[in-house]
2 protein chains.
Amino acid sequence: MKETLATASLSAEAYIILRERILRGELPIGQVVSRRKIAVELGMSMLPVSEALQRLELEGLLESRPRAGTRVKIPTEDEVRGHYVVREALEVQAAKLFAEVASASERAELQKLAARVDALSTKTGKDRFLYLSLHEKLHRRIAEGGHCQPLCDAIEKNQVLASTWLCVPRPKTTDEPPRRHQDLAAILCNESSKTAAEAMRKHVQNALKNTLARLESYFQIRETGKSVFARSVKH
Amino acid sequence: MKETLATASLSAEAYIILRERILRGELPIGQVVSRRKIAVELGMSMLPVSEALQRLELEGLLESRPRAGTRVKIPTEDEVRGHYVVREALEVQAAKLFAEVASASERAELQKLAARVDALSTKTGKDRFLYLSLHEKLHRRIAEGGHCQPLCDAIEKNQVLASTWLCVPRPKTTDEPPRRHQDLAAILCNESSKTAAEAMRKHVQNALKNTLARLESYFQIRETGKSVFARSVKH
DNA sequence: TCAAGCATACTGATATAGCAGATTTTCGGT
DNA sequence: ACCGAAAATCTGCTATATCAGTATGCTTGA
């Protein structure tokens with residue numbers, strides 16, 4: 001294991017590493033994680049790992065039961081729907097601000113970024129992570145264009161949760177408009193804040209449908225397995 | 001110290017106690033807190049206290065520097081403004097949902113609550129905490145009327161941060177319309193979701209002005225004292 | 001064959017001890 | 001009196017060990 005990641009504290013290091021694993025799907029939804037195993041793997045005590053896991057749990061990426069176990073959170077349909085209600089509120093606010101105060105260079109970069117995202121939107125497999133990463137960057141740039149740090153932070157946290165869900169493959173790819181993000185970017189850059197808000201609202205509501213389709217198979221898991229935090233390997 | 005507070009874990013207990021103290025203003029803005037002192041006071045090890053403090057820091061109620069100290073967060077003007085941008089996004093979303101889906105009993109309770117809040121709005125001193133508590137409840141009820149748990153959670157977290165700021169006394173009470181909350185509640189209960197959204201937007205923007213006036217004296221603190229985490233008592 | 005009970009191995013939670021860095025205080029020199 | 005360096009004290013951070021609750025599997029009895 002590489003020791004090259006230098007951070008202020010061990011718990012911060014563990015946090016970054018584990019978060020990355022979850023977001024990249026290396027730890028899939030429902031995967032059980034053990035504090036001790038991760039501690040020996042990262043070459044540190046259980047304590048920094050515990051702090052990192054607690055933080056990830058507070059952010060909604062993990063769930064745990066006292067003295068039973070910790071696993072990558074399995075979302076409920078209501079949670080996903082609710083998550084996108086919050087997301088809509090935040091992203092619409094960001095879109096309005098962007099349309100009002102973003103600089104010319106920020107607008108130019110957004111449109112270029114949108115073109116790249118649309119170009120990658122149909123890719124699957126390895127290129128999908130590139131797409132997800134760029135898509136995330138697109139929304140971050142919109143938030144940054146509003147020049148409001150707390151809003152950026154709120155959107156970032158919100159987005160991270162959804163990233164977990166987008167790693168699961170989609171059952172059947174419904175055909176989407178090939179210029180979704182370019183159209184959105186163009187409106188944010190050239191139209192009024194009111195128009196921008198409505199465009200973003202529709203964009204988010206569309207994303208909700210997409211995500212629901214992706215997670216369909218996970219929504220019943222909670223019922224079937226009464227053994228919630230299985231320690232033995234399921235196969 | 002009372003041991004009557006029964007919770008799942010010690011760290012949860014410490015979290016609840018400390019959060020309450022901060023929210024009630026017993027730990028004023030800028031107050032330095034020591035893990036060890038709190039640990040002995042609460043009769044537990046430093047570890048649960050550390051976890052509680054870490055959580056409170058992630059929620060924005062505390063701030064710390066590694067190996068230097070932890071204190072109740074001193075807000076920046078930009079942070080306050082940004083906070084209310086987020087708050088506006090969330091509360092407006094909640095207002096729209098409330099106007100659309102709240103039940104008749106929820107609407108009735110909201111209007112009654114609003115009347116009580118307005119009646120207490122001019123009180124100071126001890127009654128102020130009652131007002132703050134009811135005001136918080138009012139906004140929570142609005143969020144609950146939308147029947148969307150994640151949105152409720154987001155608003156709750158957002159509101160908690162602002163509670164810290166509202167504990168500080170206001171320099172000079174500018175006269176406010178005496179029926180602010182009753183008018184807002186009436187609109188949420190009887191008008192369209194669009195009208196409700198706009199009413200809430202104005203309500204939040206007004207709250208921002210109020211808060212900025214309250215915190216004016218804190219905004220320069222960061223510059224003056226270079227010794228940020230003073231351990232000796234300042235007087 | 002199956003179900004209940006019990007032992008074992010795991011989980012997270014907590015206490016204690018000691019470390020490293022930051023702050024404060026003390027003390028010596030000018 | 002003033003200033004700077006060293007010592008003392010405080011801070012948060014981490015490792016180790018132990019405790020208590022949970023899941024699992026094996027044993028035992030019907």
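Each chain gets a letter, A, B and so on, in the order its sequence line appears, and its residues count up from 1.
A salt bridge is absent between Glu26(A) and Arg19(A): the closest approach of a Lys/Arg side-chain nitrogen to an acidic carboxylate oxygen does not fall below 4.0 angstrom.
Here side chain to side chain donor-acceptor pair (under 3.5 Å) pairs that include residues 140-149 of chain A, with residues two or more places apart or in two chains, are Glu106(A)-His147(A), Glu109(A)-Arg141(A), Arg141(A)-Glu144(A), Gln149(A)-Asp153(A). Screening residues 14-72 of chain B for ring-ring contact (aromatic ring centres under 6.0 Å, His included), with sequence neighbours left out, gives no hits.
Taking both residues in full, the closest heavy atoms of Arg71(B) and Phe229(B) are given as CG-CE2, 3.5 Å, listed atom of the first, atom of the second, then distance.
Two end axes, each from the C1' atoms of five base pairs, can be drawn for the helix from dT1(C)-dA30(D) to dT30(C)-dA1(D); they diverge by 10°, to 10 degrees.
Residues meeting the side-chain contact (heavy atoms from CB on, under 4.5 Å) test with Leu120(B), sequence neighbours left out: Lys123(B), Leu130(B), Tyr131(B), Leu134(B). Remark: Arg36(A) engages Ser34(A), Met46(A) in a side-chain contact (heavy atoms from CB on, under 4.5 Å) (not counting sequence neighbours).
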Task: Protein-to-nucleotide contact annotation, 5' to 3' order, nucleotides 7-17 of chain D [B base; S sugar-phosphate only; - none; under 4.0 Å, heavy atom] - done: ---BBBBBBB-
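Tested against Thr70(B), the residues Glu63(B), Glu57(B), Arg35(B), Gln31(B) include a single side chain to side chain donor-acceptor pair (under 3.5 Å) partner, Arg35(B).
Side-chain atoms of His139(B) and Glu91(B) form a donor-acceptor pair, as typed in the model, at a separation below 3.5 Å.
Rounded to whole Å, the distance from CZ on Arg71(A) to P on dG12(C) is 13 Å.
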